[in-house]
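Here is the structure we will look at.
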Amino acid sequence: MDVPWEVQVQASPGVAGGAALLTCITPRPVRNYVSVTRWFKDGSVLAPMASDSGHHIIGGSRGDMLLIRNARPEDSSSYSCEAQHQLTGEKRRSAQAMIAVSHGSGSMAPRILTISEDETVPQGGDIRLVCCAIGSPTPTYSWFRHSNGRLSPVSNNIRISVSEQVLIIRRAQVSDGGIWSCRAHNQYGEQRRDTTLRIRARLVVTVHPQLQIANSGSSVTFNCSVEGGDSRVRWLHDGVPVGGGERVLRVHGVVRAHRGMYQCFAEREMDSAQAAAELRLGDTAPELHYTFIEQALHPGPAVALHCSASGSPSPRFSWLLDMQPIEEHNTPQRSITQFLSPNGDVVSYLNLTSVRPEDGGRYTCRAHNSRGAVEHSTRLNVYGPPSIRNISPVRVVAGVNTTIYCPYSGFPISIISYIAKFLGN
């Protein structure tokens with residue numbers, strides 16, 4: 001939309017006692033995004049007239065028509081309009097255009113100079129259709145609607161009112177769409193012109209179900225329903241685009257990252273609507289969000305190994321050293337703390353107040369609840385002589401790959417050798 005655009009005023013001359021018309025014209029590429037904000041007469045602002053009986057009537061769905069009713073010679077002045085781009089906020093003001101109001105002479109059948117061009121407006125908005133004609137004597141106006149192949153006169157009611165050249169439809173409904181006709185007539189003849197009014201139905205979006213509670217690993221489906229005509233659909237998850245534009249969004253293998261708000265947006269031209277639904281987690285297996293890294297330390301300093309996880313029910317942590325519970329290698333220098341963070345994660349620390357060479361090894365933090373368990377392992381290396389802990393019996397299923405780590409401490413280690421002893425029945 002970042003294209004140059006200008007506005008200009010097109011003036012139709014008037015006859016004293018009749019009507020004169022000025023139209024604010026905007027370029028077609030930006031016309032749907034530009035609306036007229038103000039009209040000027042001789043540089044002074046003309047306030048929009050809410051009354052249908054005003055001398056200056058602003059009409060058109062974008063305020064782009066200025067009708068001078070019961071024109072007088074003193075209305076012969078210079079006029080200009082100001083328009084604003086609805087997306088960029090830019091304003092442009094037209095050059096001034098002169099309008100002449102002359103005294104009628106002779107006899108002339110009505111000639112319609114203009115009628116509001118075919119309009120497309122949103123449902124619920126107000127519409128002003130303007131019809132302007134010249135003739136002598138001054139023409140009178142009638143409005144009709146095409147219905148079932150016939151012309152039906154328009155009469156005033158709660159939503160529709162007619163005041164000579166202006167037909168006003170308030171809170172437009174889809175049923176107001178169709179062909180409307182203006183007739184200008186006097187004793188020497190008449191002329192009729194039609195305009196087509198299209199009402200753009202309001203988009204209404206619903207997402208079903210509005211709340212889903214899913215367990216870890218399950219699948220969920222959100223359905224987006226759109227009323228009001230053809231439109232494009234897109235999905236956002238917590239503000240981030242997801243899916244491929246379908247009206248059904250499927251989430252497979254639910255994990256913690258999938259929880260949150262899902263919005264379905266329906267869009268067409270300048271209209272859009274949205275609805276939202278929430279995905280909450282039920283029982284979920286633990287997920288690790290923070291884990292410690294491998295380190296090499298000299299003896300003496302304190303160190304804290306840190307893991308955090310989420311899940312439902314809230315997981316508990318256990319710590320292992322070379323796949324044995326840390327309690328089996330308990331010393332006064334080791335302690336375990338666990339707490340709940342503000343965002344709901346369970347946080348656990350293994351604190352070593354003063355590391356020694358024998359504290360080196362492969363440490364594991366394991367988070368577990370009723371839905372499952374997850375773990376992270378890596379080494380803590382402490383400079384010092386090598387040492388090997390006892391290897392407890394390992395039971396495995398035949399045909400399954402198994403990894404057995406050497407439970408050693410000390411660092412650096414140049415060679416690790418494995419000796420296998422096979423026991424018979």
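Remember, predicted model here, so these are calculated numbers, not experimental data.
Annotation for Gln295: atom CD counts as buried by contact number, over 12 foreign heavy atoms lying within 6.0 Å. The environment of CD in Gln173 is crowded: more than 12 heavy-atom neighbours from other residues, nucleotides or ligands sit within 6.0 Å. Residue-environment remark: CG (Leu211) exceeds the threshold of 12 foreign heavy atoms within 6.0 Å. For Arg316, the CZ atom sits in a loose shell: 12 or fewer heavy atoms of surrounding residues, nucleotides or ligands are nearer than 6.0 Å.
Annotation: side chain of Val7 is not in contact with side chain of Arg93 (no heavy-atom distance under 4.5 Å). Within the 4.5 Å cutoff, no side-chain heavy atoms of Ile127 are placed close to those of Leu167. A heavy-atom distance below 4.5 Å is found between the side chains of Pro137 and Tyr188. Two residues are said to be in side-chain contact when any heavy atoms from C-beta on lie closer than 4.5 Å; Val220 and Tyr262 fail this criterion. Side-chain atoms of Val251 and Gln212, non-hydrogen and from C-beta on, never get closer than 4.5 Å to each other. The side-chain heavy atoms of Ile99 and Asp75, taken from C-beta on, include no pair separated by under 4.5 Å. Proximity of Phe222 to Leu279: side-chain heavy atoms (C-beta onward) are separated by under 4.5 Å at one or more points. The shortest distance between side-chain heavy atoms of Leu67 and Cys132 falls below 4.5 Å.
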Derivation of the side-chain contact (heavy atoms from CB on, under 4.5 Å) call for Leu297 and Asp359: CA-CA 11 Å; Leu297 303 173; Asp359 290 322; over 6 Å; no
Working for side-chain contact (heavy atoms from CB on, under 4.5 Å), residues Leu203 and Ser231: CA-CA 9 Å; Leu203 289 176; Ser231 61; 4.3 Å; yes
Worked verdict on Thr284 versus Arg371 for side-chain contact (heavy atoms from CB on, under 4.5 Å): CA-CA 6 Å; Thr284 59; Arg371 294 287 299 180; 5.7 Å; no
Criterion ring-ring contact (aromatic ring centres under 6.0 Å, His included) on His306 and Phe292, from CA distance to verdict: CA-CA 6 Å; His306 168 204; Phe292 56 94; 9.3 Å; no
Steps toward side-chain contact (heavy atoms from CB on, under 4.5 Å) verdict (Arg362, Met323): CA-CA 8 Å; Arg362 185 176 181 83; Met323 299 311 296; 5.6 Å; no
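Ile336 and Ser348 get closest at one heavy-atom pair: CG2-OG, 4.0 Å. The shortest non-hydrogen separation linking Ser181 to His146 is CB-NE2, 4.0 Å. The nearest pair of heavy atoms linking Val34 to Ala83 is CG1-CB, 3.5 Å. Heavy-atom minimum distance, Val248 versus Thr221: CG1-CG2, 3.4 Å. Closest approach of Pro313 to Asp283, counting heavy atoms only: CD-OD1, 4.2 Å. Scanning all heavy atoms of the two residues, the minimum distance from Asn186 to Gly135 falls at ND2-C, 4.3 Å.
Side-chain contact check for Thr364 and Ser377: at least one donor-acceptor pair (N or O, by modelled atom type) lies under 3.5 Å. Checking Thr37 against Glu82 by side-chain atom types alone, a donor-acceptor pair falls below 3.5 Å. Residues Ser310 and Arg256 have side chains that bring a donor and an acceptor to within less than 3.5 angstrom of each other.
Checked by atom type and distance alone, the side chain of Ser312 pairs as donor or acceptor with a backbone atom of Gly282 at under 3.5 Å. No donor-acceptor pair under 3.5 Å is formed between the side chain of Thr353 and the backbone N or O of Ala302. With hydrogens and angles ignored, the 3.5 Å screen pairs a side-chain donor or acceptor of Ser354 with a backbone N or O of Gly300.
Once rounded to the nearest 0.5 Å, the distance linking NE2 of His237 with NE2 of His258 reads 7.5 Å. Taken to the nearest 0.5 Å, the CG atom of Leu320 stands 7.5 Å off from the CD1 atom of Ile326. Between the CZ atom of Arg170 and the CG atom of Asn157 there is a distance of 9.5 Å, given to the nearest 0.5 Å. Expressed to the nearest 0.5 Å, how far CZ of Arg280 lies from CZ of Arg259 amounts to 11.5 Å. Here the SG atom belonging to Cys224 is positioned 11.5 Å from the CZ atom belonging to Arg234, to the nearest 0.5 angstrom. Rounding to the nearest 0.5 angstrom, the gap separating the CZ atom in Arg232 from the OG atom in Ser272 is 10.0 Å.
Tested against Arg247 for a side-chain contact (heavy atoms from CB on, under 4.5 Å), the candidates Val233, Asn223, Val207 yield a single pass: Val233.
Geometrically, Arg379 engages Tyr408 in a cation-pi contact defined by less than 6.0 Å to the ring centre and at most 45° from the axis.
Between Phe411 and Tyr383, the ring planes are perpendicular. Angles over 60° get that label, and only those under 30° would be called parallel.
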